[in-house]
Engineer: 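Dropping a structure here in structure tokens format, bear with me for questions.
One-based numbering, in listed order, for ligands and for the atoms of each. Source: prediction; values computed, not measured.
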Amino acid sequence: MVDQLPLLNGSSIPAIGLGLYKVPPAEAARVIDDGLAAGYRLIDGAAMYDNEAEMGAAVRASGMRDALQVVTKFWGDPEQSYDAVLRDFAASEARMGLDVVDGYMIHWPRAPRDTYVETWRAFQALRDEGRVRWIAVANFGADELQRLFDETGEWPVINQVESHPWLPQHDLRAFHAKHGIVTQAWSPLGRGRLLDHPVLVAIADEVGATPAQVVLRWHLQLGGAAAPKSMHASRLAENIAPIAPLPDEAMERIAALESGERTGTAPEDRP
Ligand SMILES: NC(=O)C1=CN([C@@H]2O[C@H](COP(=O)(O)OP(=O)(O)OC[C@H]3O[C@@H](n4cnc5c(N)ncnc54)[C@H](OP(=O)(O)O)[C@@H]3O)[C@@H](O)[C@H]2O)C=CC1
Ligand SMILES: O=C(O)C(=O)[C@@H](O)[C@H](O)C(=O)CO
């Protein structure tokens with residue numbers, strides 16, 4: 001059983017979810033079926049991933065709808081506004097064919113447009129109408145989160161941000177923890193690029209696990225969630241299989257890998 005992390009709205013999410021970025025539409029049903037068989041109960045989709053219809057169809061066909069949390073995201077380009085949210089959400093809803101969407105996220109703050117607060121108000125309206133269970137954001141900084149709260153009185157339940165041993169995001173994690181926001185890591189495996197790092201390979205060898213399992217265990221021990229992606233059934237199972245807690249000295253060796261290196265787009269590069 002995967003750990004559950006409490007959300008500010010009183011519900012919870014599984015600490016490990018299934019990422020769908022770059023899963024081709026024709027492969028999405030198979031990947032989701034493999035994921036559900038392995039134990040995933042949260043699916044991290046987005047309008048931008050071009051596989052929402054297949055995600056919705058796989059969930060409807062699974063016979064497990066009530067046990068699953070289906071997440072999608074508002075891309076916000078070419079327009080990020082109150083009306084654009086209502087329009088894009090209706091399109092996502094129609095593609096997925098689900099009665100309710102569990103989680104809806106603002107994909108990027110797009111801070112130079114200065115429309116993320118009105119965007120958040122549209123998210124609140126969708127939640128209040130019962131079309132979404134919980135509302136969240138991705139790629140927000142602490143100042144942007146604070147402004148959402150100051151102007152609307154509500155924190156997002158999750159901020160999904162790039163995080164892995166090269167980019168642990170300690171300051172942002174501390175801000176989240178102070179306000180009860182869950183940190184959910186995207187590209188939690190550094191897009192697979194850090195899995196052959198000698199330190200991770202050595203720790204994996206010492207604890208009898210794989211480098212991916214060590215990295216995902218590190219995320220859990222930081223108190224956060226993660227949404228790794230894989231096209232392979234064996235890796236999907238590997239990534240969700242629990243391993244024993246890492247000793248403090250292993251956590252310290254992983255902490256020393258911090259370099260600030262990103263494997264994906266920085267928020268300021270998505271204006
Ligand atoms: N909110 C946002 O802006 C963003 C959100 N995301 C979300 O985060 C999810 C995960 O991020 P993503 O960028 O996909 O990167 P990940 O860090 O999850 O890495 C995925 C890569 O690692 C490989 N991999 C996965 N498991 C293993 C394993 N056990 N051993 C070896 N290699 C492995 C995969 O290969 P293979 O598939 O061949 O197994 C793939 O190449 C996305 O799918 C998406 O849902 C991602 C980016 C931005
Ligand atoms: O996967 C996502 O959700 C994204 O937004 C990514 O495409 C992200 O923009 C990125 O890192 C592309 O390299």
Side-chain angles (χ1 to χ4, degrees), residues 13-25 27-28 30-32 34-35 38 40 42-52 54-55 69-77 80 92 102-111 116 135-141 144 156 158-169 172 182-197 200-201 204 209-219 224-243 261-271:
I13 57 158
I16 301 292
L18 170 59
L20 286 191
Y21 179 49
K22 294 216 164 150
V23 174
E27 302 269 10
R30 179 195 55 80
V31 169
I32 291 170
D34 288 345
Y40 292 81
L42 182 147
I43 307 173
D44 185 59
M48 182 268 210
Y49 301 164
D50 199 25
N51 50 26
E52 273 181 319
E54 293 75 14
M55 172 171 69
Q69 302 215 38
V70 180
V71 180
T72 193
K73 310 188 189 84
F74 168 67
W75 183 241
D77 197 49
Q80 192 196 61
S92 289
D102 299 276
Y104 199 36
M105 289 185 177
I106 303 179
H107 207 139
W108 298 89
R110 303 189 186 278
Y116 60 83
I135 51 177
V137 299
N139 300 303
F140 273 52
E144 293 144 1
I158 296 171
N159 187 20
Q160 186 189 73
V161 293
E162 178 173 353
S163 187
H164 40 69
W166 287 331
L167 190 72
Q169 302 263 28
L172 192 53
V182 168
T183 305
Q184 187 185 44
W186 62 256
S187 298
L189 305 174
R191 302 211 150 146
R193 287 176 215 159
L194 48 62
L195 297 180
D196 59 1
H197 193 289
L200 296 171
V201 172
T210 67
Q213 289 173 325
V214 167
V215 172
L216 291 165
R217 182 67 219 173
W218 170 86
H219 282 284
K229 168 261 180 188
S230 177
M231 300 292 298
H232 297 89
S234 60
R235 288 177 175 175
L236 288 166
E238 172 187 332
N239 293 348
I240 201 168
I243 66 165
E261 184 173 336
R262 289 183 177 272
T263 60
T265 308
E268 58 272 23
D269 295 329
R270 283 254 183 263

Engineer: Nearest protein heavy-atom contact for atom 43 (O) of ligand 1: which residue, which atom, what distance?
Structural biologist: Tyr21 N, 2.9 Å

Engineer: Does Ala212 reach ligand 1 with a nitrogen or oxygen that is under 3.5 Å from one of the ligand's nitrogen or oxygen atoms?
Structural biologist: no

Engineer: His219 side chain to Pro188 main-chain N or O, any donor-acceptor pair under 3.5 Å?
Structural biologist: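 A pair under 3.5 Å: yes.
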
Engineer: Between ligand 2 and Arg270, can you find any atom pair, the residue atom being a heavy atom, that is separated by under 4.0 Å?
Structural biologist: yes

Engineer: If you take all heavy atoms of Pro211 and Leu195, which pair is closest and at what distance?
Structural biologist: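 Nearest heavy atoms, Pro211 then Leu195: CB-O, 3.3 Å.
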
Engineer: Within the 4.0 Å heavy-atom shell around Ala227, which atoms of ligand 1 are there?
Structural biologist: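 In order of number, 8 (O), 9 (C), 10 (C).
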
Engineer: Considering only heavy atoms of Gly264, which atoms of ligand 2 have at least one such atom less than 4.0 Å away?
Structural biologist: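 Listed by number with element: 11 (O).
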
Engineer: Between Asp269, Thr265, Asn139, Asp44, flag the one that comes closest to atom 10 (C) of ligand 2 by a heavy atom.
Structural biologist: Thr265

Engineer: Do Ile243 and Leu216 come within less than 4.5 Å of each other through their side chains, counting heavy atoms only?
Structural biologist: no

Engineer: Which residue holds the protein heavy atom closest to atom 17 (O) of ligand 1, what is that atom called, and what is the gap in Å?
Structural biologist: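 Nearest neighbour among protein heavy atoms for atom 17 (O) of ligand 1, to 0.1 Å: Leu189 N, 2.8 Å.
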
Engineer: Is the shortest side-chain N to carboxylate O distance from Glu238 to Arg235 below 4.0 Å?
Structural biologist: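 No, this pair does not count.
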
Engineer: Using a 4.0 Å heavy-atom threshold (strictly under), name the region of Asn239 that reaches ligand 1: side chain, backbone, both or neither.
Structural biologist: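 Answer for Asn239: side chain.
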
Engineer: What do the steps show when you test Asn139 against Arg270 for side-chain contact (heavy atoms from CB on, under 4.5 Å), and what is the final call?
Structural biologist: CA-CA 10 Å; Asn139 300 303; Arg270 283 254 183 263; over 6 Å; no

Engineer: Mind checking whether Leu200 and Leu194 have side chains closer than 4.5 Å, heavy atoms only?
Structural biologist: yes

Engineer: How far is atom 1 (N) of ligand 1 from its nearest protein heavy atom, and which residue and atom is that?
Structural biologist: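 Going atom by atom, the protein heavy atom closest to atom 1 (N) of ligand 1 ends up being Gln160 OE1, 2.6 Å.
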
Engineer: Could you tell me how the ring of Tyr21 sits relative to the ring of Tyr49: parallel (under 30°), tilted (30 to 60°) or perpendicular (over 60°)?
Structural biologist: tilted

Engineer: Once rounded to the nearest 0.5 Å, what's the spacing between atom CZ of Phe74 and atom CD1 of Ile106?
Structural biologist: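 Going from the CZ atom of Phe74 to the CD1 atom of Ile106 covers 8.0 Å.
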
Engineer: Below 4.0 angstrom from a heavy atom of Met231, which ligand 1 atoms are there? Numbered from 1 as shown, please.
Structural biologist: 36 (P), 37 (O), 39 (O)

Engineer: Using a heavy-atom cut-off of under 4.0 Å, does the side chain or the backbone of Thr263 touch ligand 1, or both, or neither?
Structural biologist: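 For Thr263, no heavy atom sits under 4.0 Å from ligand 1.
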
Engineer: Tell me the protein heavy atom at minimum distance from atom 7 (C) of ligand 1, and give that distance in Å.
Structural biologist: Asp44 OD2, 3.4 Å

Engineer: Show the atoms of ligand 1 that are less than 4.0 angstrom away from any heavy atom in His232.
Structural biologist: 36 (P), 38 (O), 39 (O)

Engineer: Heavy-atom distance under 4.5 Å between the side chains of Trp218 and Pro168, does that happen here?
Structural biologist: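 Heavy-atom side-chain distance check passes, below 4.5 Å.
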
Engineer: With a 4.5 Å limit on heavy-atom distance, are the side chains of Met231 and Asp34 in contact?
Structural biologist: no

Engineer: Taking it one step at a time, do Met55 and Leu20 satisfy side-chain contact (heavy atoms from CB on, under 4.5 Å)?
Structural biologist: CA-CA 9 Å; Met55 172 171 69; Leu20 286 191; 3.7 Å; yes

Engineer: For ligand 1, which part of Pro211 has a heavy atom less than 4.0 Å away: the side chain, the backbone, both, or neither?
Structural biologist: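 For Pro211, no heavy atom sits under 4.0 Å from ligand 1.
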
Engineer: Any N or O on Trp75 sitting closer than 3.5 Å to an N or O of ligand 2?
Structural biologist: no

Engineer: How close does the nearest protein non-hydrogen atom get to atom 39 (O) of ligand 1, and which residue and atom is it?
Structural biologist: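 Sorting protein heavy atoms by distance from atom 39 (O) of ligand 1 puts Ser230 OG, 2.6 Å first.
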
Engineer: Give the atoms of ligand 1, by number and element, whose distance to some non-hydrogen atom of Gly190 is under 4.0 Å.
Structural biologist: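 The list of qualifying atoms is 17 (O).
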
Engineer: Which bit of Met48 gets closer than 4.0 Å to ligand 2, counting heavy atoms only: side chain, backbone, both or neither?
Structural biologist: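 Just the side chain.
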
Engineer: Number the atoms of ligand 1 from 1 as they appear, then name those within less than 4.0 Å of a heavy atom of His107, with their elements.
Structural biologist: 1 (N), 2 (C), 3 (O)

Engineer: Taking side chain as C-beta onward, heavy atoms only, is Tyr116 less than 4.5 Å from Arg110?
Structural biologist: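 No, their side chains stay 4.5 Å or more apart.
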
Engineer: Using a strict cut-off of 4.0 Å, indicate which atoms of ligand 2 neighbour a heavy atom of Tyr49.
Structural biologist: 1 (O), 2 (C), 3 (O)

Engineer: Which of the numbered atoms in ligand 1 are under 4.0 angstrom from any heavy atom belonging to Gly192?
Structural biologist: 19 (O), 21 (C), 22 (O)

Engineer: Working to the nearest 0.5 Å, report the span between OH of Tyr40 and CD1 of Ile240.
Structural biologist: 5.0 Å

Engineer: What residue and heavy atom of the protein are closest to atom 44 (C) of ligand 1, and at what distance?
Structural biologist: Tyr49 OH, 3.3 Å

Engineer: Tell me which protein heavy atom sits closest to atom 12 (P) of ligand 1, plus the residue, atom name and distance to 0.1 Å.
Structural biologist: Ser187 OG, 3.6 Å

Engineer: Is the shortest N/O to N/O distance between His107 and ligand 2 below 3.5 Å?
Structural biologist: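 The answer is yes, given that His107 and ligand 2 share an N or O pair closer than 3.5 Å.
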
Engineer: For the atom pair CD (Gln69) and CG (Asp44), what is the distance rounded to the nearest 0.5 Å?
Structural biologist: 11.5 Å

Engineer: List ligand 1 atoms under 4.0 Å from Gly19, heavy atoms only on the residue side.
Structural biologist: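 Here the atoms of ligand 1 in question are 9 (C), 42 (C), 43 (O), 45 (O).
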
Engineer: What are the two closest heavy atoms between Gly141 and Glu144, and how far apart are they?
Structural biologist: N-OE1, 2.8 Å

Engineer: Report the part of Arg191 in contact with ligand 1, treating N, CA, C, O as backbone and CB onward as side chain, heavy atoms under 4.0 Å; options are side chain, backbone, both, neither.
Structural biologist: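 For Arg191, backbone and side-chain atoms both sit under 4.0 Å from ligand 1.
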
Engineer: Who's closest to atom 35 (O) of ligand 1 heavy-atom-wise, of Gln184, Arg235, Gln213?
Structural biologist: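 Looking at heavy atoms only, the winner is Arg235.
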
Engineer: Hey, is ligand 2 close enough to Lys73 that some N/O pair sits below 3.5 Å?
Structural biologist: no

Engineer: Which of the numbered atoms in ligand 2 are under 4.0 angstrom from any heavy atom belonging to Trp108?
Structural biologist: 5 (O), 8 (C), 9 (O)

Engineer: Taking side chain as C-beta onward, heavy atoms only, is Leu236 less than 4.5 Å from Leu18?
Structural biologist: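 The answer is yes, as the side chains (C-beta and beyond) meet within the 4.5 Å cut-off.
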
Engineer: Within ligand 1, which atoms have a heavy atom of Pro188 less than 4.0 Å away?
Structural biologist: 10 (C), 17 (O), 18 (O)

Engineer: Are any of the N/O atoms on Leu195, whether in the backbone or the side chain, positioned under 3.5 angstrom from an N/O atom of ligand 1?
Structural biologist: no

Engineer: Between Ala138 and ligand 1, which part of the residue brings a heavy atom under 4.0 Å of the ligand: side chain, backbone, both or neither?
Structural biologist: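 Side chain only; the backbone of Ala138 stays clear of ligand 1.
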
Engineer: Does a side-chain heavy-atom distance below 4.5 Å link Val71 with Tyr104?
Structural biologist: no

Engineer: Does Pro228 reach ligand 1 with a nitrogen or oxygen that is under 3.5 Å from one of the ligand's nitrogen or oxygen atoms?
Structural biologist: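 In this structure, Pro228 places no N or O atom under 3.5 Å from an N or O of ligand 1.
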
Engineer: Nearest heavy atom to atom 48 (C) of ligand 1: which of Trp75, Trp186, Trp108 does it belong to?
Structural biologist: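 Selected option, by shortest heavy-atom distance: Trp186.
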
Engineer: When you look for heavy atoms under 4.0 Å from ligand 2, do you find them on the side chain of Arg191, its backbone, both, or neither?
Structural biologist: side chain

Engineer: Roughly how far, to the nearest 0.5 Å, is CZ of Arg262 from CG of Asp269?
Structural biologist: 8.5 Å

Engineer: Do me a favour and list the nearest non-hydrogen protein atom to atom 18 (O) of ligand 1 with residue, atom name and distance?
Structural biologist: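 Minimum-distance protein heavy atom for atom 18 (O) of ligand 1 reads Lys229 N, 3.0 Å.
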
Engineer: Using a 4.5 Å cut-off on heavy atoms from C-beta on, say whether the side chain of Gln160 contacts that of Lys73.
Structural biologist: yes

Engineer: Nearest heavy-atom pair of Asn239 and Ser230: which atoms, and what distance?
Structural biologist: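 Reported closest heavy-atom pair: ND2-CB, 4.4 Å.
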
Engineer: Any sub-3.5 Å donor-acceptor pair from Glu162's side-chain atoms to Thr263's backbone N or O?
Structural biologist: yes

Engineer: State the atoms of ligand 2, each with its element, that fall below the 4.0 Å cut-off from a heavy-atom position in Tyr21.
Structural biologist: 1 (O), 6 (C), 7 (O), 12 (C)

